[in-house]
Structures are given as structure tokens and as C-alpha cells.
Amino acid sequence: MRIFSGVQPTGRKHLGNYIGAFVPHVASQDRGESIYCIVDLHATTVAYDPARLRSDVYDLQAVWMAAGLDPERCVLFRQSDVIEHSELQWLLNSVTAYGELSRMTQFKDKSGQQDFISAGIFNYPILMAADILLYRTDEVPVGDDQRQHVELSRDVAQRFNSRFGETFVVPEVVIRDVGARIMDLQTPERKMSTTGGTPAGTVYVTDDPAAILKKFRSAVTDSGREIRHSPEKAGISNLLEILAVVRGASIGELEREFEGAGYGDFKLAVGEAVVDYLTPVRERFATLRADEAGLEATLRRGAEKARAIAVETMAGVRAAMGVGPVR
Ligand code: TRP
């Protein structure tokens with residue numbers, strides 16, 4: 001069983017990313033062969049700062065490892081280190097329809113926000129298909145916003161296989177639900193997000209305890225006084241969800257525990273629990289991030305392991321497509 005997922009090295013990672021993506025990634029190291037990719041090539045499709053990209057890669061790598069990704073037990077690598085991603089992306093262009101790319105909702109959303117709509121942002125889903133298909137991936141864990149892209153990868157794989165012969169594994173999408181529910185503390189109707197959220201309502205993995213407590217103390221609640229999970233109580237429900245995850249408790253247990261408590265005390269209790277949860281992560285992050293040479297060496301070993309698989313897949317692709325010499 002092979003699992004593949006990619007994360008963009010953009011933006012600081014927040015509690016929603018941590019609970020929704022990084023923690024499940026760590027858990028899946030025990031479920032099968034796990035391959036995790038820092039997709040720096042995807043990050044170049046929109047306006048970005050070249051002077052920061054490399055350091056953003058290390059930031060993501062250090063957060064991922066601080067969460068518990070163990071480079072000895074999984075493959076952790078940087079996309080641009082394995083040039084086969086770019087090669088396969090090009091070859092998959094010919095089995096991807098212009099029309100299907102035009103229908104991608106993320107392209108429509110993202111391109112609307114750009115002054116310069118690059119061909120890269122249009123072709124982004126083909127590079128993502130290349131990432132997945134190169135490793136003959138069985139399962140792709142992603143958030144719901146990436147479902148359409150993984151489905152495109154499936155269509156591309158099937159189309160390739162029927163036109164050129166069985167080459168790719170058709171991957172299954174696995175949508176995560178925890179963490180999909182971590183909402184912005186100031187606008188609890190909306191998901192916690194680096195791009196679409198509020199600064200005061202977004203809790204970053206590397207925030208210090210004082211910053212975390214301040215954000216929870218000023219979290220938006222409602223005019224009632226009951227600590228109860230319900231659709232009319234978005235703020236309180238979100239705080240209960242967060243506390244349930246970080247304490248490993250059920251919502252029902254927490255409702256009973258905080259029965260009769262004031263909102264102020266409850267918000268402080270959630271803040272303190274999040275501080276306890278993130279403090280060891282922040283400390284491990286700081287240690288890892290301080291050693292760029294060590295991080296780079298880890299990426300190099302990861303790329304070697306990734307390339308061993310990628311090269312084999314590409315030999316099959318080239319042979320099937322009639323590209324390059326007979327081997
Ligand atoms: N597009 C994904 C995102 O923005 C990142 C990604 C790139 C990815 N390649 C991937 C995710 C392959 C899963 C598999 O979240």
C-alpha cells in the first residue's frame with residue numbers, strides 16, 4: 001500500500017493544517033509506504049518571492065518533521081529534486097483535455113486573484129497528477145478542496161492506460177474530515193486559513209504561548225451562555241472541536257466537564273490546552289529549523305529514495321509512448 005501526498009511550501013502552517021494534514025500524515029507512516037512531497041514547483045505558478053522559496057521549503061520540512069514525520073520510515077523530499085516530475089508533467093499534457101482543466105474550480109478561483117494568469121496555474125493539476133502517478137500511488141489523502149484534482153489524476157491515468165497500455169496505478173482519493181472543521185477563531189463560519197482567514201483568528205503552529213492565549217481569549221463566541229456543540233453556536237462548537245482533538249476527549253465529555261462554566265474560563269482552558277499541545281512541536285521545530293545543512297541532507301536522502309521509484313515509472317512511460325531510444 002503506497003500513500004502519497006504533497007503540501008505547498010507557502011504560508012505559515014496553522015492549527016487546521018496541523019490537525020487536518022500533518023497529524024494524519026504521521027499516523028499513515030504505519031499504514032503503508034508513505035511518500036511526502038514538498039511541492040516547490042507548484043509554488044512557482046503564482047506570484048512568489050524566489051528569495052524566500054528555499055527557506056519556505058525548510059520551514060515546511062521542519063514543521064512536518066516536528067509533527068513526527070520520520071524520514072527513516074517515510075520518503076520526505078522536495079519536488080524539484082526529482083526532475084521526473086517535470087518530465088512526466090509534460091508527457092501527461094497530451095492525455096489531459098483543455099476542457100477538463102478549464103473546469104477546475106481551483107483554477108477559476110485562483111486565476112481570478114492573479115494579475116498574470118500563468119500557463120503554470122492552468123496546468124497545475126497535471127503536475128499534481130504527475131506527482132501522484134510517478135509513484136504508482138494507491139491512496140492520496142487530501143482536503144476536500146483537492147478532490148477534483150485527484151479525480152483528474154484518476155481520469156488521466158485511465159486515459160493513459162487505455163491509449164498506451166497499462167502503466168499507471170489509478171489512485172484512490174481519501175478525504176480527511178478532522179481538521180476540515182477547524183474554523184477561524186474570529187469568523188467561526190469560515191475555515192482557518194492563511195490566505196482567507198483573519199490574523200487574530202488563525203493560530204500558527206509556531207506561535208508562542210502568549211500569542212496563542214491572546215487569540216483564544218479573544219475568540220468570538222455568542223450571546224448565550226451554554227457550552228454546547230450546536231449549529232447555532234459556531235464559535236463555541238469550534239472551540240469544543242479543537243479541545244476534543246488536543247485533549248483526545250469526546251465532545252460529550254467536554255460539554256459535561258464545562259457545564260455551568262463561563263465563556264471566559266472555557267476559552268482560557270482551550271487556549272491552555274492548545275499551548276500544551278503545540279509547545280513540544282514548536283520546540284522541535286526550532287531545533288530542526290536551526291540546522292539547514294541537516295535538513296538539506298535529509299531532503300537529499302529523500303530525493304534518492306523517491307527517484308529510485310520515479311526513474312522506474314518513467315522508463316515504462318517512455319517505452320509506452322515511444323519516446324526516446326529502445327531500451
Ligand atoms: N495541490 C495540493 C494542495 O494545494 C498540493 C499537491 C501537489 C498535492 N501535488 C500533490 C497533494 C499530490 C496531493 C498529491 O494542497
Side-chain angles (χ1 to χ4, degrees), residues 1-14 16-22 24-25 28 32-46 48 53 56-57 60-61 63-64 69 74-89 92 96 101 104-111 113-114 118 120-157 168-176 179-180 182 191-196 302-303 306 309-310 313:
M1 230 280 285
R2 193 175 276 158
I3 300 164
F4 183 99
S5 199
V7 174
Q8 291 211 47
T10 46
R12 293 168 67 196
K13 299 304 172 190
H14 55 69
N17 301 133
Y18 191 81
I19 292 171
F22 299 138
H25 291 159
S28 71
E33 184 184 0
S34 300
I35 307 183
Y36 293 114
C37 183
I38 300 169
V39 295
D40 58 341
L41 297 177
H42 278 107
T44 66
T45 58
V46 293
Y48 79 102
L53 183 56
D56 287 347
V57 167
L60 169 57
Q61 180 189 3
V63 172
W64 231 338
L69 270 202
C74 69
V75 179
L76 173 62
F77 75 107
R78 173 171 51 204
Q79 187 183 32
S80 61
D81 288 340
V82 180
I83 52 166
E84 283 75 11
H85 289 250
S86 301
E87 182 186 5
L88 183 57
Q89 193 277 334
L92 294 178
T96 310
L101 290 175
M104 293 291 120
T105 55
Q106 197 167 66
F107 168 70
K108 291 191 239 173
D109 294 346
K110 269 200 189 176
S111 58
Q113 300 158 14
Q114 303 295 315
S118 67
I121 194 173
F122 187 67
N123 285 320
Y124 178 115
I126 315 182
L127 180 58
M128 182 161 159
D131 297 341
I132 297 167
L133 301 182
L134 255 186
Y135 298 96
R136 303 186 295 277
T137 301
D138 298 297
E139 282 188 6
V140 187
V142 284
D144 195 47
D145 62 331
Q146 297 298 313
R147 179 196 291 277
Q148 198 185 24
H149 288 160
V150 181
E151 278 164 5
L152 178 85
S153 308
R154 290 171 54 86
D155 293 341
V156 164
F168 293 123
V169 170
V170 180
E172 298 295 330
V173 59
V174 178
I175 302 296
R176 53 176 179 243
I182 305 294
K191 270 172 51 167
M192 193 174 282
S193 149
T194 326
T195 45
I309 306 168
T313 305

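We count ligands from 1, going down the list as the structure has it; atoms in each ligand are counted the same way. Quantities reported herein were computed from a predicted structural model and do not represent experimental measurements.
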query: Is the distance between the ring centroids of Tyr48 and His42 less than 6.0 Å?
result: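 No: the rings miss the under 6.0 Å criterion.
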
- prompt: In chain order, what residues pass the ring-ring contact (aromatic ring centres under 6.0 Å, His included) check against His149, with sequence neighbours excluded?
  reply: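 Only Tyr124 meet the ring-ring contact (aromatic ring centres under 6.0 Å, His included) criterion with His149.
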
task: Could you tell me how the ring of Tyr135 sits relative to the ring of Phe4: parallel (under 30°), tilted (30 to 60°) or perpendicular (over 60°)?
output: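 The arrangement is parallel - the two ring planes meet at less than 30°.
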
field: Whether Phe107 and Phe122 hold their rings parallel, tilted or perpendicular, with breakpoints at 30° and 60°
entry: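 Perpendicular.
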
- request: Would you mind reporting whether Thr137 and Ile35 have side-chain heavy atoms less than 4.5 Å apart?
  value: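 The answer is no; the side chains never approach within 4.5 Å.
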
- request: Heavy-atom cut-off of under 4.0 Å around ligand 1: list whichever protein residues fall inside it, by chain and number.
  value: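 Protein residues near ligand 1 are Phe4, Ser5, Gly6, Gln8, Val39, His42, Tyr124, Met128, Asp131, Ile132, Val140, Val142, Gln146.
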
- request: Give a yes or no on this: more than 12 heavy atoms of other residues, nucleotides or ligands lie within 6.0 Å of atom CD1 of Ile175.
  value: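 Check passes, neighbour count above 12.
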
